[in-house]
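Here is the structure we will look at.
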Protein chains: 4
Amino acid sequence: MAKLQKSIDKRNALIKATIELVNNNGFHATPMSKIAKMANVSPATIYLYFENKQDLVNQTYIEVKAEYTDYAFATYKDTMSVEDGFKLIWHRIADFKLKECENAMFLAQCDNTPMIDEPSRLEGIKHLQPLVELWARGKTEGIIKPISDYILYAYSINPLSFLMIIQKRGDFQLDKTHIEEAYQSAWSSIKVCN
Amino acid sequence: MAKLQKSIDKRNALIKATIELVNNNGFHATPMSKIAKMANVSPATIYLYFENKQDLVNQTYIEVKAEYTDYAFATYKDTMSVEDGFKLIWHRIADFKLKECENAMFLAQCDNTPMIDEPSRLEGIKHLQPLVELWARGKTEGIIKPISDYILYAYSINPLSFLMIIQKRGDFQLDKTHIEEAYQSAWSSIKVCN
Amino acid sequence: MAKLQKSIDKRNALIKATIELVNNNGFHATPMSKIAKMANVSPATIYLYFENKQDLVNQTYIEVKAEYTDYAFATYKDTMSVEDGFKLIWHRIADFKLKECENAMFLAQCDNTPMIDEPSRLEGIKHLQPLVELWARGKTEGIIKPISDYILYAYSINPLSFLMIIQKRGDFQLDKTHIEEAYQSAWSSIKVCN
Amino acid sequence: MAKLQKSIDKRNALIKATIELVNNNGFHATPMSKIAKMANVSPATIYLYFENKQDLVNQTYIEVKAEYTDYAFATYKDTMSVEDGFKLIWHRIADFKLKECENAMFLAQCDNTPMIDEPSRLEGIKHLQPLVELWARGKTEGIIKPISDYILYAYSINPLSFLMIIQKRGDFQLDKTHIEEAYQSAWSSIKVCN
DNA sequence: GATGAATGAGGGTTCATTCAT
DNA sequence: TATGAATGAACCCTCATTCAT
């Protein structure tokens, strides 16, 4: 029990170190030795938990992605109205991206570079299903524009990644009003105009 | 003269090779030797044109960014109406991102990773001035939402980067209709609702 | 008792695994962890039975060498005539080398590389005493050439190692006729010509 | 010219270092760094001349093997009688094995371990053709025993490897008389008895 | 200006061995 | 006795950069 816990702790420490270092330096500029040092283990120990560097990053990605989507949909129920549902999910996502900054940055970097291998990327995508279903419902009800999910995503969800990045970089600080403005823009871009 | 041209050719070949290789492999997985080989030059020759690898990428970034903004604003005139001006600029940007795919991908990768150093990034940003001025005019005229330029950018321009990436990745192919839908979303997200 | 047997079993399993793995990969390409796995033991357990990797291989060598010479001389009696005695021993050796292929290969690899340390090598050699004595008798009786035992060994016994290796490698398959031809060559090379 | 020569010198130094170190320590116990140091180059330089460690050893093997067979057959002419031809080749081989000790040891180690890859081994074998042809002629003329070349080789040529190894190890020193005795044994083992 | 050979520093990974349990 | 987790040292190899030509 104590032993198992220690193992889990080490694995978590490694994942945490990976996120922080990759965020600051990028995948290839992050040596295994530094990850090990930050996680307070020997470099060789990493290989007890992960097959190699690629596997370490893949697993980190999948884990963080799951955390992200779990958070996003935690309080959502498909009995909600389309607008209420979207509002809820959107705000949860915004919350995650702006508060769990490290994790969200990591996901953004993974999604924008050839860092993660294809299987892991696909693994990460399928978690967004509830949002896709909500949109489908919204299209049927004539509330959401009848256009590709990719475009809906690009305009309603993805901008949060950009805002997170510039906030992380220190260029811009989002307060509650900004969030509300952003939500209005997101909703405007996908809702059917009356 | 012929000599100067040969020099320029080499520099261009190096920049082109850098873009292609960094797009496909990322910054750190792109060795100078490969860049040299693809540009048909000796590795040592790179150092006649650039100080080091970081400088090569920085300069490439600045150059491509300039090309991008030049294209974006080439036909824009500040005598246009706000809506016409935005429509024009947006479509030029869309054009560039979806047709000059390699260049746009490179910019996206630079903007989403700690690959470019701060001074070069700032250098790249300032070219967007005309758009910022257009938005300022739009806000005065009550046509554009009175919110931060960062949010305006996040919702009206940045989504194109996302669409470009997934198109490059082969997940989605944008035709003219999609572009029009995207534009409607972009415009909806920043225009003042009547 | 049962406990002692279990210990012996483990030791034997380790020795067997060592032989097989070293045969196929060589000494340095055989990790202790693989030996442990093949013997169904923990890596740490090896160190209960052997001091270190070198000791494991040394002991394996000595053990297999003893098995080899035991087999070679099992039915030999020094009352036999020189020719009968040599014929018997030679065929026993041939038998061992061609049938107990794994063991013989292991010995050959040890004898041809700097894998075994000197003391163990000497330990292994002294078991050939009966053959040396037979030759001494043969020389006295004028049946065996009066030349160095090293040369006698090189021409009458060592060739079997070569034949074993190429058979193991699949280049050549020895049947009964080949064995007889080989024996004739061996005997011709050391007997005094009439 | 001077440059080319320097390249060749380096390559030769690397091959020489490889032979010496592999002889003394075996393939896997010979680090590239030591080879580099002995050849007075940086470890990285090795990779300008060889693809990797395996390639370095393969090429060394092929080169030494060629040297060996070149020497063996240098003065042989197929107009010689079978016995004269064999005597000549045998003595040339003996010469090489006992005087070019380092090279011969290296070949022996390569031939007795899974150190060289299959293609290189085959490359090395084909050089023995003249000896095979001599034996064919000898069989036709009824001078050489009508048995497999593998057995002829095992008894007439291979014993020299054994004698070389024990001489290298310091156990036994061969003088002219020993060589002559060895030759007699070799010839006795393959010639047809009258 | 242009090069290809050369390299030191460092990266990912493996492995013989140890130690707490 | 037996273990599996842990590790430091070392290995092979790569690469940004330099230098003699």
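Because the structure is a prediction, the values reported are computed rather than measured. We name chains A, B, ... by the order of the sequence lines, and we start the count at 1 in each one.
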Enumerate the residues from residues 47-57 of chain D whose closest heavy atom to DNA chain F is under 4.0 Å, giving them by residue number; use none for an empty result.
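Within residues 47-57 of chain D, the residues near DNA chain F are D:Y47, D:N52, D:K53.
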
Heavy-atom side-chain proximity of B:M32 to B:P43 below 4.5 angstrom:
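Not in contact.
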
Involving DNA chain F, stems made of at least three consecutive Watson-Crick or G-U pairs, both distances under 3.5 Å
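Stems for DNA chain F, defined as runs of 3 or more consecutive pairs: E:2-21 with F:2-21.
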
Between [N] ([atom2]) and [X] ([atom1]): distance, integer Å:
X	N	atom1	atom2	value
B:K34	F:dC15	NZ	P	7 Å
A:D9	F:dA5	CG	C1'	14 Å
D:M32	E:dG8	CE	C1'	16 Å

Please list all pairs meeting side chain to side chain donor-acceptor pair (under 3.5 Å) that have one or both residues in residues 22-32 of chain C, counting only residues at least two apart or in different chains.
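Pairs touching residues 22-32 of chain C that pass the test: C:N23-C:E102.
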
Test of understanding: with side chain to side chain contact (heavy atoms under 4.5 Å, CB included), list the residues that count as partners of A:I165, not counting sequence neighbours.
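Once residues adjacent in sequence are excluded, the partners of A:I165 under the side chain to side chain contact (heavy atoms under 4.5 Å, CB included) criterion are A:M105, A:A108, A:R169, B:N112.
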
Residues in side chain to side chain contact (heavy atoms under 4.5 Å, CB included) contact with B:P114, at least two apart in sequence or another chain
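So B:P114 forms a side chain to side chain contact (heavy atoms under 4.5 Å, CB included) with A:Q109.
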
Taking only residues two or more places apart in sequence, or in another chain, which ones meet [X] in a salt bridge (charged side-chain N to carboxylate O under 4.0 Å, His left out)?
X	answer
C:E67	none
B:E63	B:R11
C:E123	C:K126

Over-ring placement of B:K65 relative to B:F106, 6.0 Å and 45° cut-offs:
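B:K65 over B:F106 ring: no.
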
Can you give me every donor-acceptor pair (side chain of residues 13-20 of chain D, partner residue at least two apart or in another chain, under 3.5 Å) with its distance?
| residue | atom | partner | partner atom | Å |
| --- | --- | --- | --- | --- |
| D:T18 | OG1 | D:L14 | O | 2.7 |

According to the ring-ring contact (aromatic ring centres under 6.0 Å, His included) rule, which pairs have a member within residues 34-68 of chain A, sequence neighbours left out?
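Listed by first then second residue: A:Y68-A:F96.
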
Please give me every residue in residues 37-46 of chain B whose heavy atoms get under 4.0 Å of an atom in DNA chain E, ordered by residue number.
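When residues 37-46 of chain B is checked for heavy atoms under 4.0 Å from DNA chain E, the hits, listed by number, are B:V41, B:S42, B:A44, B:T45.
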
Residues in contact with DNA chain E, drawn from residues 11-29 of chain B - heavy-atom cutoff 4.0 Å
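Output list: empty, so none.
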
When you match C:S33 and D:S7 each to their closest nucleotide on DNA chain E, which lands nearer the 5' end?
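Residue closer to the 5' terminus by nearest nucleotide: D:S7.
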
Please determine whether side-chain contact (heavy atoms from CB on, under 4.5 Å) holds for the pair C:M115 and C:V22, giving the CA-CA distance in whole Å, both sets of side-chain angles, and the decisive distance to 0.1 Å.
CA-CA 10 Å; C:M115 182 174 128; C:V22 168; 3.6 Å; yes

Got a donor-acceptor contact below 3.5 angstrom from the D:T60 side chain to the D:L56 backbone?
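Yes.
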
Nearest heavy-atom pair of B:T45 and B:K10: which atoms, and what distance?
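Residues B:T45 and B:K10, closest heavy atoms: CG2-CD, 4.4 Å.
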
Is the shortest side-chain N/O distance from D:K10 to OP1 or OP2 of E:dA6 below 4.0 Å?
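Looking at the OP1 and OP2 atoms of E:dA6, one of them is under 4.0 Å from a side-chain N or O of D:K10.
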
